[in-house]
J.: 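If you scroll down you'll find the structure; I have some questions about it.
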Amino acid sequence: MPELPEVETVCKGLSGVLEGRRLVHVALHRPDLRVPFPAGFADRLTGRMVTAVRRRAKYYQWLLDDGWAVVGHLGMSGTFEVSPPGSNRPPPGKHDHVVIETDAGAIVTFRDPRRFGLMTLIPQAELETHPMLADIGPEPLDDVFDGAMLVAGLAGRRGPIKPALLDQKVVAGIGNIYACEALFRAGISPRRGCDSITGKRAARLVAALKAVLCEAIASGGSSLRDHRTVNGELGYFQHSFAVYGREGDPCPGCDCPGGTVQRIVQAGRSTFFCAKRQR
DNA sequence: CACGAACCCTGGCTGC
DNA sequence: TGCAGCCAGGGTTCGT
């Protein structure tokens with residue numbers, strides 16, 4: 001379930017390995033993930049230098065020195081494993097689809113058992129306009145993203161707020177987990193109509209989104225160091241969630257004794273919430 | 001246009 | 001123990 005914080009953590013980890021480095025060997029172990037790799041993908045990467053590693057929504061972007069960018073998505077189960085220079089090179093596993101070696105001798109492996117991920121090449125000049133990225137909404141951690149911007153993004157919607165938060169056009173990078181967690185933090189029912197998310201309620205939801213994302217990034221960043229000393233895997237981490245996956249547990253909110261986390265299905269997705277605390 | 005459902009895929013879990 | 005069946009979910013596509 002890589003969402004914005006997990007992708008951010010992956011980018012931070014990869015920036016230290018890739019930025020300023022030249023890719024000296026690239027191996028593809030299959031022709032496609034969710035979509036085919038571009039023609040000549042491995043050859044086009046080989047010899048290129050990565051000038052910057054960035055994130056937009058749930059996509060990572062590696063800017064290359066030839067004006068192109070590797071743009072990728074972790075899908076459901078995508079992870080990167082980093083083998084530092086000089087370490088034993090692990091034999092590629094069944095789901096190790098892309099293996100890249102840098103001129104420093106590091107090995108970066110993209111692993112994705114369910115193959116919902118993708119990796120492609122886009123000209124840097126088209127990163128804002130390419131169909132894959134053009135319609136994505138504001139970054140939730142941008143200072144300019146506030147209640148008014150959320151309200152604007154929800155304009156015209158009549159359905160419940162929770163599925164709307166999963167729409168990348170409304171706000172970028174939110175997935176099922178952090179949508180649930182932010183609504184819980186804000187005390188807002190996932191069933192509340194988008195048209196009632198206004199004013200202070202919208203501001204509260206925005207503040208909750210920023211808080212849960214920032215805490216997850218901080219947690220991912222700290223567990224990253226521990227993790228890398230073990231096997232260097234960059235992916236997503238076990239956070240302790242207040243409501244996600246906790247159906248039947250007592251509500252962790254202190255001001256609603258007797259509340260229980262319940263699970264409902266909205267737009268085909270599980271929603272976890274406390275009906276007492278969230279209105 | 002907005003929204004929901006099906007679909008892609010495999011590992012892990014449940015229940016017989 | 002083994003196996004069928006279901007579930008997880010991000011994004012795309014299709015139908016309403």
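In the text below, chain A, chain B and the rest are named by the order of the sequence lines, each starting its count at 1. Since this is a predicted model, take the numbers as computed values, not measurements.
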J.: Hey, where on DNA chain B does chain A first and last touch, going 5' to 3'? Cut-off is any atom under 4.0 Å from a heavy atom.
T.: B:dA2 to B:dG11
J.: Tell me the interatomic distance from A:D32, atom CG, to C:dG11, atom C1', rounded to whole angstroms.
T.: 16 Å
J.: Checking A:H73 now: which residues fulfil ring pair (Phe, Tyr, Trp, His ring centres under 6.0 Å) with it, not counting sequence neighbours?
T.: A:Y59
J.: Go through the side-chain N and O atoms of A:E6 and A:Y178 and say whether any donor and acceptor fall under 3.5 Å apart.
T.: yes
J.: Mind checking salt bridge (charged side-chain N to carboxylate O under 4.0 Å, His left out) for A:R56 and listing every partner two or more places apart, or none if nothing turns up?
T.: A:E139
J.: Quick test of your reading of the model: are A:E3 and A:K58 salt-bridged, counting only N-O distances below 4.0 Å?
T.: no
J.: Between A:F184 and A:R277, is there a cation-pi geometry (under 6.0 Å to ring centre, at most 45° from the normal)?
T.: yes
J.: Which pair of non-hydrogen atoms, one from A:C11 and one from A:V53, has the smallest distance, and what is that distance?
T.: O-CG1, 3.7 Å
J.: Over how many whole Å does the gap from A:E6 atom CD to C:dG10 atom C1' extend?
T.: 13 Å
J.: Apply the hydrophobic cluster definition, ILVMFWY joined by side-chain contacts under 4.5 Å directly or through others, and give me every member besides A:I264.
T.: A:F273
J.: Among residues 114-139 of chain A, which contact DNA chain B at a heavy-atom distance under 4.0 Å?
T.: A:R114, A:R115, A:F116
J.: Please list residues of residues 155-176 of chain A whose heavy atoms come under 4.0 Å from any atom in DNA chain C, ordered by number; otherwise none.
T.: A:Q168, A:N176
J.: So what does A:R30 touch, heavy atoms closer than 4.0 Å: a base, only the sugar-phosphate, or nothing?
T.: nothing
J.: Which pairs would a plain distance check flag for residues 23-41 of chain A, meaning a side-chain donor or acceptor within less than 3.5 Å of a matching protein atom at least two apart in sequence or in another chain?
T.:
residue: A:H29; atom: ND1; partner: A:D96; partner atom: O; Å: 2.8
residue: A:R30; atom: NE; partner: A:D32; partner atom: O; Å: 2.6
residue: A:R30; atom: NE; partner: A:D32; partner atom: OD1; Å: 3.4
residue: A:R30; atom: NH2; partner: A:D32; partner atom: OD1; Å: 2.9
residue: A:R34; atom: NH1; partner: A:F116; partner atom: O; Å: 3.2

J.: Who passes salt bridge (charged side-chain N to carboxylate O under 4.0 Å, His left out) against A:R185, sequence neighbours left out?
T.: A:E215
J.: Tell me, please, which residues at least two apart from A:R22 pass salt bridge (charged side-chain N to carboxylate O under 4.0 Å, His left out).
T.: A:D65
J.: Between the axis at one end of the helix from B:dA2-C:dT16 to B:dC16-C:dG2 and the axis at the other (five pairs apiece), what's the angle to 10 degrees?
T.: 50°
J.: To which residues is A:M49 joined in a hydrophobic cluster, defined by side-chain heavy-atom contacts under 4.5 Å among Ile, Leu, Val, Met, Phe, Trp and Tyr, whether direct or through other members?
T.: none
J.: Rounded off to whole Å, could you give me the CE-to-P distance for the A:M76 and C:dG10 pair?
T.: 7 Å
J.: May I ask you to decide whether A:R44 forms a salt bridge with A:D66, counting only side-chain N to carboxylate O separations under 4.0 Å?
T.: no
J.: Report the residues that fulfil salt bridge (charged side-chain N to carboxylate O under 4.0 Å, His left out) with A:R263, sequence neighbours left out, ordered by chain and then residue number.
T.: A:E247
